[in-house]
Amino acid sequence: MALQDICDFQDIFLDRGTSSLPFGKKTGFNYMRGLPFSNSTSLFNFYIPVAEYLDKSPLEFGQISPIQSASTPLSQDVTLPSLSLPENPLLSSPQPVSLPFPISHGTTTLAFIFQGGVLAAADTRSSCAGYVEGPAAQKILPIHSHMVSTTSGTSADCALWKRILSRELRLYQLRHGRRLSTSGAAKLLSHMLHPFKGTELCVAAIMCGWDGGEVHGHLDDTGGTKTDPGGCTETTKEIDKSVDPSLEKTQSSFSSVGGQQPLAREKRNGSGPCMFYVCSDGTRLQGNLFSVGSGSPYAISVLDQGVKWELTLDEATSIAREAVYRATHRDAYSGNHVDIYHISSKGWIRRSREDLKEEYYREKERRERGMRQIVTLSEENMKQTKMA
Amino acid sequence: MALLDVSGFSRYSELRGQILPAGRTHPVDRTNHYSFGTKTPEFALPLGVDPSAFLKSCNQEAGVSIDLNHGTTTLAFKFQHGVIVAVDSRASAGRYLASNDVNKVIEINPYLLGTMSGSAADCQYWERLLAKECRLYRLRNKNRISVAAASKLLSNMMLGYRGMGLSMGSMICGWDKEGPGLYYVDDNGTRLSASMFSTGCGNMYAYGIIDSGYREDMTVEEAYELGRRGITHATHRDAYSGGVVNMYHMREDGWIKVCKEDVSELIHRYRKGMF
């Protein structure tokens, strides 16, 4: 579809009269024309289901059926989309579409910035009102090579909006020759979600990305001295000598801690790690540490305790894993496995999925060892007192 | 029964009838905090009043909205050297901070401690009542009450008023013949024994910390540090917790008060890296 827009290909099925190209030619998107919903549906060609198909539906959705009764079946009629509707279907049924089952939003996702970039972690349990519906869900979705988004909320909504966002970002990249910054991507997502404010759409995402650099992967135009994202693979580097890639453009060599800490976190020339929290109620916040979901309070205190700028990648990974593990330990809606992604100047890297069961057993083992020590100590004490 | 008659032995029930005025079957010093002389054990409630329904109506948007405040964080855990109890000290009334220096631990006796979370009035009243009962037990039986029994007394009191809008989440900690004891008692009548609890609206944040740092074989200093950190991080993230950390250590020979440290200083100490 991107190619289609670029080469100005007119979709023969679309009604040209209302200039219904999904994306206006001049601007990247054109969401706020006229009625709040009509554009979004026309843009994305949401086919509104036809009444006949839903006659025997066991799920009384309250579908927007009356208007469609005259329309032809779904498969052929691609001209049907909203454009030819007499009125906005959603306006005619003012109540939100009732859900067939209660959707719950149980998850634990977290992300933080450190000297090596951004680390994002999430559990993998997807639940539906008390059932564990999927033990292996993917909650961290890559948007493009240098950005991932952790998602929380309704998984269907998150998956859809993530795809839409990826498409938009790719278009931007093709049109302007550079990647959109994380801040811009977050703003874009926030504006896309705005028309749905007040409905039951629920998306709470943390956009984690590495800004800066040209398209086609040529990130570092400073002579490439600091392409290494500060400790990504060389974890043996001492913490004081960790290089902060975000300063590479202004300082040729930078290695110090202490007084430089506050500066180290600012981005020079708009390059470096960046993180935004975007929520479907309109929140858009920049920050260094976020945790979202039902298990987030348990995780966030562990992160508060351990996250520092100077962490190495291994330390950061183990803190993230520990935080998700603690949350899954206490929260019923989080569990199964943990996914960890690391975003650096080279792009995102995904660690293989780890089963938290292993973590549980390791900890149990540690505790048992501790208990055994206590028991043997007390036995020794008893022996001594007996002998004395 | 012939011997009984001959020896002039009179049964206790007969004696009781002589001691107590007619009609009263409960001796005064029994568990009868239901004063005012009513026959059936009840608080003096006006007839027809339903406290729980009244409270429900206050919580909805129907006119006055009285939000009962449950802002606090308390935690307690057992380890090899006893029980550590740590609480914050903030009392909030809605959005207003009533006090930043409340003592949320009640010292029942030198071997028993109770923590308070939920409605401050309920906690203070019922735990003082529990203290009275424990003292009476000691006087009658010449032995200190066990932690299990004390917590059971409290939980029975709660059950007596179940559904009437009490709000109390308390941990009873002590050291008795069985060793260190820790029970969680709730206004629903829940009574649970485990080696680690945290209550209040900041409890989730505290759980993250103490879960990750807890080991049965900690040293005393490590345990103090864990308790301090748990409360500090919870107060950092929860708006309704704050003030100071009051920490007690329950040992075999009684409890000691370990520290009373301001959380603002503690958080700066712990999070140097992020500030």
Side-chain angles (χ1 to χ4, degrees), chain A residues 108 110 112-115 239 257-258 261-262 264-265 287-289 291 293-311 315-316 318-319 321-331 334 359-360 363-364 366-378 381, chain B residues 73 75 77-82 86 88 179-180 194-220 222-223 225-241 252 263 266-275:
Chain A
T108 307
L110 56 93
F112 57 88
I113 295 183
F114 68 114
Q115 54 82 19
I239 293 175
V257 287
Q261 282 317 308
R265 252 160 270 136
N288 288 333
L289 177 90
S291 175
S294 58
S296 65
Y298 305 103
I300 209 165
S301 51
V302 176
L303 290 178
D304 273 346
Q305 198 180 212
V307 168
K308 293 187 278 282
W309 177 260
E310 307 87 36
L311 292 174
E315 289 170 351
S318 72
I319 285 185
R321 193 188 309 125
E322 169 87 10
V324 175
Y325 173 63
R326 291 296 155 205
T328 59
H329 182 55
R330 288 283 174 184
D331 179 34
S334 309
E359 184 73 29
Y360 173 73
E363 178 156 15
K364 196 163 169 217
R366 244 179 289 142
R367 297 233 175 129
E368 271 163 20
R369 242 180 293 134
M371 284 301 298
R372 261 178 265 138
Q373 281 174 4
I374 297 177
V375 168
T376 52
L377 277 174
S378 61
N381 285 343
Chain B
T73 310
L75 64 89
F77 55 89
K78 272 197 275 199
F79 70 120
Q80 61 169 336
H81 295 298
D88 77 310
S195 49
M196 181 199 297
F197 284 113
S198 172
T199 68
C201 57
N203 74 343
M204 301 171 287
Y205 306 104
Y207 269 129
I209 301 283
I210 54 182
D211 273 343
S212 57
Y214 177 78
R215 283 183 343 268
E216 181 69 31
D217 57 345
M218 284 187 289
T219 66
V220 172
E222 286 174 350
E225 187 63 13
L226 190 64
R228 257 196 294 262
R229 275 181 180 267
I231 296 289
T232 307
H233 283 96
T235 59
H236 179 61
R237 287 286 174 183
D238 177 33
Y240 294 107
S241 307
E252 190 158 10
V263 294
L266 285 174
I267 194 74
H268 274 87
R269 215 198 301 165
Y270 294 145
R271 294 196 58 206
K272 252 194 304 234
M274 279 297 258
F275 281 126

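Letters go in sequence order (proteins before strands), and every chain restarts at 1.
Applying the side-chain contact (heavy atoms from CB on, under 4.5 Å) test to I300(A) and every residue at least two apart in sequence or in another chain returns L289(A), S291(A), Y205(B), R237(B). Listed by chain and number, the residues in a ring-ring contact (aromatic ring centres under 6.0 Å, His included) with Y207(B) amount to none (sequence neighbours excluded).
The stretch residues 321-329 of chain A places E322(A), R326(A), H329(A) near chain B, each with some heavy atom under 4.5 Å from a heavy atom of that chain.
Here the OH atom belonging to Y298(A) is positioned 13.5 Å from the CD1 atom belonging to I209(B), to the nearest 0.5 angstrom.
S301(A) pairs with exactly one of H236(B), M204(B), H233(B) by the side-chain contact (heavy atoms from CB on, under 4.5 Å) rule, that one being H233(B).
Taking chain A as the reference chain and counting heavy-atom pairs below 4.5 Å, the highest number among A206(B), G208(B), G213(B) is found for G208(B).
Residue pairs meeting the salt bridge (charged side-chain N to carboxylate O under 4.0 Å, His left out) criterion with at least one member in residues 195-204 of chain B, sequence neighbours excluded, do not occur.
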